[in-house]
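Presented below is the structure to which this report refers.
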Amino acid sequence: HRRIKKQSIRIDHLLMMTSGISDDMQYMNQQDAVSYILDQDLMFDPGTWWAYTSAGTHILSAILTGLTNESAQDYAEKYLFPELGITNFLWQKDISGNSNGGYGLQLRLRDMLKFGHLFLQDGKTANGQILSSKWTNRSTDKLVNFSSTFGYGYLWWINISNGQPIYYAVGYGGQYI
């Protein structure tokens, strides 16, 4: 029964923090972080509730690695960071080489601003479109409703102020985009 529930976890559940995966931060200390995360009991059935989970976003990183045969860091270094002019960063990896999807990416303030600006420009940079505007718009929609004015998108916090949506990312230690 538990395995069937885990098999029903979709990528959008992971992006919206509705997967049911607990936020057990010990995954980075494990020999196999992904197996450690997936061996834990779900807190709730996927798609039925919301709970912030760095472990769940680490699964997203592992999925990207599996699909591209590159770590999230390698993929970003090849396709995202050069387009944004990001050259100075640190990205923590688990023992298996997966970039930490939940925390551990250290960027300079100006590079965090570039990332935010990319979304404000609907995925465009001076060199052209690098993320689809459909993706940037969908990810910044209020997809999980906590109240009429507060919610969550695809890894973005969403507030409605004076009828206007405001989206933002909050990092460990108080970093904001």
Side-chain angles (χ1 to χ4, degrees), residues 1-84 86 88-107 111-112 115 118-119 123 130-132 135-136 138-141 143-144 151-158 167-175 177:
H1 186 254
R2 273 190 248 150
R3 178 185 279 155
I4 292 169
K5 288 180 182 179
K6 286 180 186 172
Q7 289 176 344
S8 70
I9 296 172
R10 300 186 316 246
I11 290 176
D12 67 330
H13 292 144
L14 295 165
L15 291 167
M16 293 185 295
M17 305 280 180
T18 61
S19 67
I21 293 173
S22 68
D23 196 25
D24 183 340
M25 304 289 277
Q26 295 302 310
Y27 68 88
M28 287 300 288
N29 300 324
Q30 307 304 314
Q31 286 297 316
D32 184 345
V34 172
S35 291
Y36 177 81
I37 293 166
L38 295 176
D39 285 344
Q40 306 298 313
D41 288 340
L42 293 178
M43 296 186 308
F44 49 83
D45 290 350
T48 64
W49 195 250
W50 184 93
Y52 192 89
T53 172
S54 294
T57 54
H58 191 65
I59 296 298
L60 284 170
S61 178
I63 290 169
L64 179 67
T65 298
L67 291 172
T68 64
N69 291 318
E70 299 178 278
S71 70
Q73 176 181 331
D74 293 342
Y75 191 86
E77 283 181 301
K78 204 181 277 187
Y79 300 107
L80 179 63
F81 291 170
E83 296 295 328
L84 297 175
I86 296 174
N88 187 5
F89 65 93
L90 296 172
W91 201 331
Q92 183 182 33
K93 291 186 177 189
D94 69 18
I95 294 169
S96 300
N98 292 310
S99 302
N100 189 349
Y103 60 92
L105 172 58
Q106 298 174 27
L107 295 170
D111 292 332
M112 292 169 63
F115 189 76
L118 175 66
F119 275 77
I130 64 169
L131 294 177
S132 77
W135 172 257
T136 59
R138 177 70 175 161
S139 66
T140 57
D141 281 344
L143 303 172
V144 178
Y152 203 76
Y154 286 166
L155 305 177
W156 292 97
W157 296 94
I158 314 296
Y167 56 91
Y168 55 98
V170 180
Y172 179 77
Q175 305 93 347
I177 296 176

Under the side chain to side chain contact (heavy atoms under 4.5 Å, CB included) test, which residues partner E83, sequence neighbours left out?
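T125, N127, I130.
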
Within this structure, what is the [atom1]-[atom2] distance for the pair [X] and [Y], rounded to the nearest 0.5 Å?
X: T136; Y: D141; atom1: OG1; atom2: CG; value: 9.5 Å
X: L107; Y: W91; atom1: CG; atom2: CH2; value: 8.5 Å
X: N98; Y: L64; atom1: CG; atom2: CG; value: 9.5 Å

May I have the step-by-step check of side-chain contact (heavy atoms from CB on, under 4.5 Å) for I59 and I9, ending in yes or no?
CA-CA 11 Å; I59 296 298; I9 296 172; over 6 Å; no

Please list, chain by chain and in numerical order, all residues satisfying salt bridge (charged side-chain N to carboxylate O under 4.0 Å, His left out) with K78, sequence neighbours excluded.
E70

Closest contact, heavy atoms only, [X] versus [Y]:
X: G56; Y: L14; answer: O-CD2, 3.5 Å
X: N88; Y: D111; answer: O-OD2, 3.8 Å
X: Y103; Y: M28; answer: OH-CG, 3.3 Å
X: Q73; Y: S99; answer: N-OG, 2.9 Å

Sorted by first residue and then second, give each side chain to side chain donor-acceptor pair (under 3.5 Å) pair with at least one member in residues 18-34; sequence neighbours left out.
D24-Y36, Q26-N29, Y27-N100, D32-S35

Sequence neighbours left out, what pairs pass side chain to side chain donor-acceptor pair (under 3.5 Å) with at least one residue falling in residues 51-64?
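Of all non-adjacent pairs touching residues 51-64, those that pass side chain to side chain donor-acceptor pair (under 3.5 Å) are H58-D94.
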
I21 backbone acceptor or donor facing K6 side chain under 3.5 Å
no

Describe, in one word, how the ring planes of F119 and F115 are oriented to each other, choosing from parallel (under 30°), tilted (30 to 60°) and perpendicular (over 60°).
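Ring orientation, 0 to 90° scale: tilted.
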
With W50 via ring-ring contact (aromatic ring centres under 6.0 Å, His included) - residues at least two apart:
F146, Y152, W157

Any [X] side-chain heavy atom under 4.5 Å of [Y] side chain:
X: M43; Y: W49; value: no
X: Y75; Y: T65; value: no
X: M16; Y: Y154; value: yes

Of all residues at least two apart in sequence or in a different chain, which pass the side-chain hydrogen bond (donor to acceptor under 3.5 Å, both in side chains) check with D12?
R10

For the CD1 atom on I95, are there more than 12 heavy atoms of other groups (residues, nucleotides or ligands in this structure) within a distance under 6.0 Å?
yes

